[in-house]
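Data block below; observations after.
Computed from a predicted model, the values in this text were never measured in an experiment.
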Amino acid sequence: MSPAAPGHAAADRHGLVLAVDLGKTGCRAALFDEDGQRVAEATGPGAGGIADRDGLTAARSALQTVLDALGCPPRSPVAVGVGLAGLAQARDRAERLAGELRDELHATRVVLASDMTTSHAGALAGSPGVV
């Protein structure tokens with residue numbers, strides 16, 4: 001694991017993982033410790049898809065609401081996963097969003113997934129099926 005960024009205590013980073021479901025009607029986020037235990041959660045307003053005309057701005061606003069509620073930063077996760085609408089149609093915006101999150105949170109890994117993928121995973125828990 002890479003060392004904590006300047007100004008961020010290693011204890012605040014050690015193994016924390018942030019999972020975010022950024023939907024059109026709401027945004028849910030949870031912070032997990034290295035043992036997979038949920039240590040904090042937050043909800044906020046959703047955002048239309050990232051491919052929408054103001055999609056990137058709306059996504060950043062929704063994410064900022066839950067990040068502030070979770071205290072991120074300085075409580076910065078080493079890994080971040082975000083499921084959001086419109087990813088397949090706006091890969092350039094998604095790459096920009098991933099980079100912004102990586103820089104802001106000093107995360108080693110940021111993964112964005114389409115809501116098509118995350119809804120399948122959430123509904124079926126890895127089992128075969130159709131959503």
Side-chain angles (χ1 to χ4, degrees):
M1 176 169 48
S2 62
H8 296 278
D12 288 340
R13 284 183 59 79
H14 186 69
L16 291 176
V17 174
L18 175 64
V20 181
D21 174 12
L22 176 51
K24 292 182 179 182
T25 58
C27 183
R28 300 179 305 156
L31 199 57
F32 297 89
D33 67 14
E34 61 275 3
D35 296 322
Q37 298 297 311
R38 188 180 308 220
V39 295
E41 56 186 54
T43 60
I50 195 169
D52 291 354
R53 185 168 48 100
D54 294 325
L56 183 58
T57 301
R60 280 299 291 146
S61 177
L63 286 167
Q64 196 60 56
T65 298
V66 294
L67 291 175
D68 289 346
L70 292 171
C72 298
R75 191 180 203 183
S76 293
V78 294
V80 177
V82 181
L84 68 160
L87 183 76
Q89 295 83 20
R91 297 203 77 50
D92 57 331
R93 292 180 186 180
E95 288 176 21
R96 180 172 167 196
L97 178 60
E100 290 173 0
L101 288 170
R102 188 177 303 106
D103 291 346
E104 178 182 347
L105 298 174
H106 307 284
T108 355
R109 184 172 213 176
V110 174
V111 177
L112 303 181
S114 168
D115 63 338
M116 294 179 288
T117 302
T118 58
S119 64
H120 189 277
L124 301 173
S127 298
V130 177
V131 176

Minimum heavy-atom separation for [X] and [Y], please, with both atom names.
X      : Y      : result
Ala29  : Val20  : CB-CG2, 3.9 Å
Cys72  : Pro77  : SG-CD, 4.3 Å
Leu124 : Gly129 : CD1-C, 3.5 Å
Gly48  : Lys24  : CA-CG, 4.1 Å

Going by the side-chain contact (heavy atoms from CB on, under 4.5 Å) test, name the single residue among Val78, Val39, Val80 that passes it with Leu16.
Val39
Can you list everything that forms a salt bridge (charged side-chain N to carboxylate O under 4.0 Å, His left out) with Asp21? Sequence neighbours excluded, please.
Arg28
Passes side-chain contact (heavy atoms from CB on, under 4.5 Å), Leu84 versus Leu97? Steps please.
CA-CA 11 Å; Leu84 68 160; Leu97 178 60; 4.1 Å; yes
Among pairs that include at least one residue of residues 82-95, which meet side-chain hydrogen bond (donor to acceptor under 3.5 Å, both in side chains), considering only residues two or more places apart or in two chains?
none
Considering only distance and modelled atom types, tabulate donor-acceptor pairs under 3.5 Å from the side chains of residues 57-70, sequence neighbours left out.
from	atom 1	to	atom 2	distance (Å)
Arg60	NE	Glu100	OE1	3.3
Arg60	NH2	Glu104	OE1	2.6
Gln64	NE2	Asp68	OD1	2.8
Thr65	OG1	Ser61	O	3.2

Going by salt bridge (charged side-chain N to carboxylate O under 4.0 Å, His left out), name the pairs with one or both residues in [range], residues two or more places apart or in two chains.
range            : result
residues 36-51   : Arg38-Glu41
residues 105-129 : none
residues 45-59   : none

Are there more than 12 heavy atoms of other residues, nucleotides or ligands under 6.0 Å from atom CZ of Arg96?
no
Are any of the side-chain heavy atoms of Val111 and Val82 separated by less than 4.5 Å?
no
Apply side-chain contact (heavy atoms from CB on, under 4.5 Å) to residues Leu18 and Leu105 and explain how you reach the verdict.
CA-CA 10 Å; Leu18 175 64; Leu105 298 174; 4.2 Å; yes
How long is the straight-line distance from CG of Leu112 back to OG1 of Thr117, given to the nearest 0.5 Å?
11.5 Å
